[in-house]
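To start, the structure itself, in C-alpha cells.
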Amino acid sequence: MTIKEMMEKTTVQQRVDEALEIAKNSQEKLNAVVTFIDPSEQIKNLEGKENGLLYGIPVALKDNVCTKGIKTTASSRILENYVPIYNAHIVDKLEDAGAVMIAKASMDELAMGGTNLTAATGPVHNPYDLDRISGGSSGGSAALVACGAVPLAIGSDTGDSIRKPASFCNVVGMKPTYGRISRYGIIPYASSLDHVGYFTRSVEDAAIALEVLAGRDDRDMTSSYREVPHYIDALSGDIQGKKIAILKNVTNAIDNQETLTVFNQLMDELKAKGAEVYEVELDENLLKAMLPTYYLIANCEATANHSNLDGIRFGVQKEGATAEEIMINSRTAGFGSLIRKRFVIGSYGLFVENQDRLFRQAQRVRRLIVEEVKKVLQDADVLVAPASANGAPRLDDQSADQLTDTYLIAENHMVLGNFTGYPSCTVPMGITKGLPIGINLTAKAFDEENLLNICYAIENITGLKDAKKEVK
Amino acid sequence: MEKKDAAYFKKLAHNLMFELNDQEAQELVEEFETLTKQLALLEAIDTTGVEEMIYPFEEETSFIREDVVSNVISQKEALANASKSKQGHFVVPKVVK
C-alpha cells in the first residue's frame with residue numbers, strides 16, 4: 001500500500017504492527033535490520049499530529065541517522081555501542097509529521113560501499129533474489145521498502161547509494177538537491193558529496209516524503225534557504241513538450257541488450273506522451289575520469305571526517321598501554337578491511353606531494369564534469385540513462401573489470417548527481433534477465449517538482465507503482 | 001619515488017592510527033595497480049586555468065552568527081558514550097610517567 005492508502009484503510013496500530021511483523025519475519029532471509037525500535041512511545045506521542053503528512057506511517061532509517069537514545073552504528077564495529085544523545089534534524093521532522101520509526105537499517109560500513117556486503121552485521125539480501133545483493137550503501141533501507149515492510153525508508157547517497165539499490169530492488173530512490181534536506185545528525189562519509197534521500201514504492205510517496213524532509217536547518221551550513229513547495233501538487237503526469245536528454249555515453253557502454261530494449265521502449269512511450277526525447281553525448285574522456293575523480297574526493301574527505309573515530313570519546317574502545325595504542329587498537333579492530341584500505345588511499349591523495357596532482361586535480365575535473373552536465377540541462381528538463389547495465393549481482397560475484405567502459409561509465413554514471421548536487425531519482429523501469437532494473441533521471445538544481453512529475457509519468461507508463469516482493 | 005609495496009602501505013596505515021595485516025597490505029598493492037591506471041585517466045585531463053570545485057553550489061548558505069549560547073549538552077551527556085570517564089574527564093593511560 002502507498003502512504004495515502006495506508007492512512008485510508010488501516011489504523012495506526014494496524015499499520016505499525018504489520019510493518020514490524022513483515023520486517024521481523026523477513027529478517028532471517030534479508031538481514032536488512034540492525035536494530036528494531038519499539039514503537040509504543042512514539043504511538044502514544046501521536047496525539048495532535050493527526051494532520052501530519054506521515055501520521056502513523058511506519059518508517060525505517062538508515063543506521064547512519066542519529067536517533068536519541070537508540071543505538072546508531074553506521075554498520076561499523078567501532079560504533080557498535082554508540083547511542084546518540086541527540087536526533088538528526090530529519091528525525092525531528094519525521095516525528096513532527098507523525099511518522100513512527102520501527103527500524104534502523106543495515107548499510108555498507110560508514111556508507112563507504114555499493115554492495116552492502118561490508119556491514120558489520122553481514123550482507124543484506126535482495127528480496128527479488130535472495131542470492132543477490134541489495135546494492136548499497138543504503139541496502140537495508142531499499143530491501144525494507146521492496147519487501148513491503150515500510151512505505152518509506154531514509155537513505156543517504158554519496159555516489160549512488162540510494163539510486164543504485166533502488167534499481168536493484170525495484171523501488172523509487174530519490175536524492176534531492178544538495179542542501180535541500182539537512183544533514184545534521186547524519187554520520188558523514190564525504191561532506192561535499194553526501195546527500196540525504198529516501199526510498200518509496202511510488203512517486204507520489206516520494207513527493208510527500210520530500211515535503212516533510214526538506215527545508216532550512218541552521219545546524220547544517222550547506223542547508224538551503226529556498227522555500228519548500230507542495231511537491232505533490234506538481235504531479236500531473238503531463239509531460240507534453242518536456243525535453244528528455246538520453247546520456248548516450250551510458251547506453252553506448254551497456255552491452256546487456258535486454259536493458260537497452262526495456263529502456264528504448266520506455267523512451268518511445270515518453271515520446272508518444274508528447275515528450276521530446278533526444279540523445280546527448282558528454283566528453284568521453286571526462287566520463288572515463290568520473291570514477292577516479294569520485295574515488296579520490298570521497299576517500300580524501302572520508303579520511304579526514306573519520307579521524308574522530310578513536311574509541312576514546314565514543315565508540316568501542318580496545319585496551320592499550322598508551323592513548324596512542326588505544327586509538328590504534330580501537331581503529332584496527334573497529335574498521336573493516338575495505339574501510340581501512342580506502343582511508344589509506346584517501347591519505348595518499350592528501351599527501352603534500354600528491355595533493356595537487358590527485359586531490360586538487362580531482363576537484364578541478366569535478367568542475368569540468370559539472371559544467372558539461374550543466375550545459376545539457378540548460379536545454380533539457382532531465383538527463384536520463386539506465387541506472388545500471390544489469391540487475392543486482394550475485395552475492396559472491398564481485399569480479400567486475402574495473403577498467404572497462406561498462407564499469408567506469410555505465411555502472412558509475414550516477415555520481416554525476418553528487419558532483420553537481422542536482423536532484424536525481426531512480427524509478428523502476430522493468431525487468432532485465434529476470435531482475436528488476438531502474439531508470440535514473442537528473443534535473444536542474446532545486447527542480448524537484450519537474451523531476452518528480454516526469455518520474456510520475458514514467459510510473460504511469462510502466463505500471464510499477466507499489467511493486468513489492470514478499471519474503472517469507 | 002618510494003616503492004608502493006606492502007611495507008609502504010602498512011606505514012601509511014600506521015600513520016592513520018590503524019594497522020593493515022599482511023594480506024590486507026598485499027591486497028592494497030594489487031588494488032593500487034588498478035587505481036593507478038584509473039588515476040591516469042584523471043591526470044590526462046587538461047585542467048589549465050580551472051578552479052577547484054569544493055562544494056556543488058557557490059550560493060551562500062553559511063553565515064557568522066551572534067556569539068550566543070545554543071544547543072547546550074550536559075557533562076553527563078558529553079561523557080555518555082565514553083568507555084572510561086572520571087570526574088568529568090575522558091580517561092586515558094598516563095602520558096607523563
Side-chain angles (χ1 to χ4, degrees), chain A residues 81-83 85-86 178-179 192 219 221-225 285-286 288-289 291-293 295-296 303 310-317 320-324 326-328 331-332 335 337 340-341 343-345 347-348 357-358 360-368 370 402-403 408 419-421 445, chain B residues 1 4 9-10 12-21 23-25 27-28 31-32 34-35 37-57 59-63 65 70-71 73-74 76-85 90-95:
Chain A
N81 60 356
Y82 176 60
V83 180
I85 56 163
Y86 67 103
Y178 189 84
S192 80
R219 297 170 300 182
M221 63 169 273
T222 61
S223 168
S224 173
Y225 283 97
N285 289 330
L286 280 177
K288 283 182 178 168
L291 185 62
T293 299
Y295 199 74
L296 267 174
T303 304
D310 55 17
I312 289 178
R313 289 156 297 171
F314 57 94
V316 175
Q317 185 178 114
T322 63
E324 190 176 311
I326 289 176
M327 287 186 208
I328 290 174
R331 284 165 68 83
T332 303
F335 296 137
S337 176
R340 278 179 283 128
K341 288 190 282 183
F343 285 163
V344 169
I345 298 298
S347 160
Y348 177 80
R357 182 175 67 89
L358 296 177
R360 298 280 171 215
Q361 172 72 355
Q363 289 179 317
R364 290 189 287 266
V365 172
R366 177 179 182 177
R367 184 177 294 280
L368 291 176
V370 169
Q402 297 186 7
L403 294 168
L408 290 170
F419 286 163
T420 57
Chain B
M1 194 187 281
K4 309 292 184 295
F9 288 117
K10 280 188 171 192
L12 252 63
H14 188 78
N15 291 341
L16 289 167
M17 308 292 273
F18 54 75
E19 310 290 359
L20 292 177
N21 63 31
Q23 190 193 331
E24 288 164 343
E27 281 167 7
L28 197 46
E31 288 164 19
F32 196 74
T34 305
L35 181 64
K37 288 177 191 157
Q38 289 182 345
L39 292 178
L41 300 170
L42 172 71
E43 290 183 79
I45 307 288
D46 181 4
T47 56
T48 313
V50 178
E51 203 183 319
E52 289 87 6
M53 186 174 204
I54 314 294
Y55 281 101
F57 305 123
E59 180 175 299
E60 195 64 40
T61 51
S62 59
F63 55 92
R65 64 172 175 81
S70 67
N71 212 21
I73 60 169
S74 68
K76 192 179 166 199
E77 284 176 314
L79 295 169
N81 276 284
S83 288
K84 289 175 193 146
S85 63
F90 300 105
V91 174
V92 293
K94 268 187 186 173
V95 176

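Throughout, a chain's letter reflects where its sequence line sits, starting with A, and its residues are numbered from 1.
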Let me know if [X] has heavy atoms under 4.5 Å from chain B in its side chain, its backbone, both or neither.
X      : result
A:S223 : backbone
A:T293 : both
A:L296 : side chain
A:L358 : both
A:Y295 : side chain
A:V370 : side chain
A:L291 : side chain

What's the spacing between [X] [atom1] and [Y] [atom2] if we round to 0.5 Å?
X      : Y      : atom1 : atom2 : answer
A:Y348 : B:F32  : OH    : CZ    : 3.5 Å
A:Y86  : B:E77  : OH    : CD    : 12.0 Å
A:R313 : B:N81  : CZ    : CG    : 12.0 Å
A:R340 : B:L16  : CZ    : CG    : 11.5 Å
A:L286 : B:L42  : CG    : CG    : 10.0 Å
B:F18  : A:M327 : CZ    : CE    : 14.0 Å

Review point. Are B:E19 and A:T332 close enough that a side-chain donor and a side-chain acceptor fall under 3.5 Å?
Key: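 No, because no side-chain N or O of B:E19 sits under 3.5 Å from a partner of the opposite role on A:T332.
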Check your understanding: Of all of B:N21, B:I73, B:L35, which one pairs up most often with chain A through heavy atoms under 4.5 Å apart?
Key ->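 Among B:N21, B:I73, B:L35, the one with the most close pairs to chain A is B:L35.
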Exercise for review: May I ask you to name which of A:N285, A:T303, A:T222 has the most heavy-atom pairs under 4.5 Å with chain B?
Suggested key: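 Ranked by heavy-atom pairs under 4.5 Å with chain B, first place is A:T222.
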Check your understanding: Of all of A:L368, A:I326, A:D310, which one pairs up most often with chain B through heavy atoms under 4.5 Å apart?
Key ->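 Result: the option with the highest number of such pairs is A:L368.
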Check your understanding: So among A:R360, A:R364, A:Q363, which one has a side-chain hydrogen bond (donor to acceptor under 3.5 Å, both in side chains) with B:E52?
Key ->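 Answer after filtering A:R360, A:R364, A:Q363: A:R364.
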Which bit of [X] comes within less than 4.5 Å of chain A, counting heavy atoms only: side chain, backbone, both or neither?
X     : answer
B:N71 : side chain
B:L79 : neither
B:A80 : side chain
B:Q23 : neither

With a 4.5 Å cut-off on side-chain heavy atoms, are [Y] and [X] touching?
X      : Y      : value
A:P292 : B:K37  : no
B:I45  : A:Q361 : yes
A:L408 : B:Q38  : yes

Practice item. Quick one: sort the B:Y55 and A:Y178 rings into parallel, tilted or perpendicular, breaks at 30° and 60°. Key: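 Because their plane-to-plane angle lies in the 30° to 60° range, the rings of B:Y55 and A:Y178 count as tilted.
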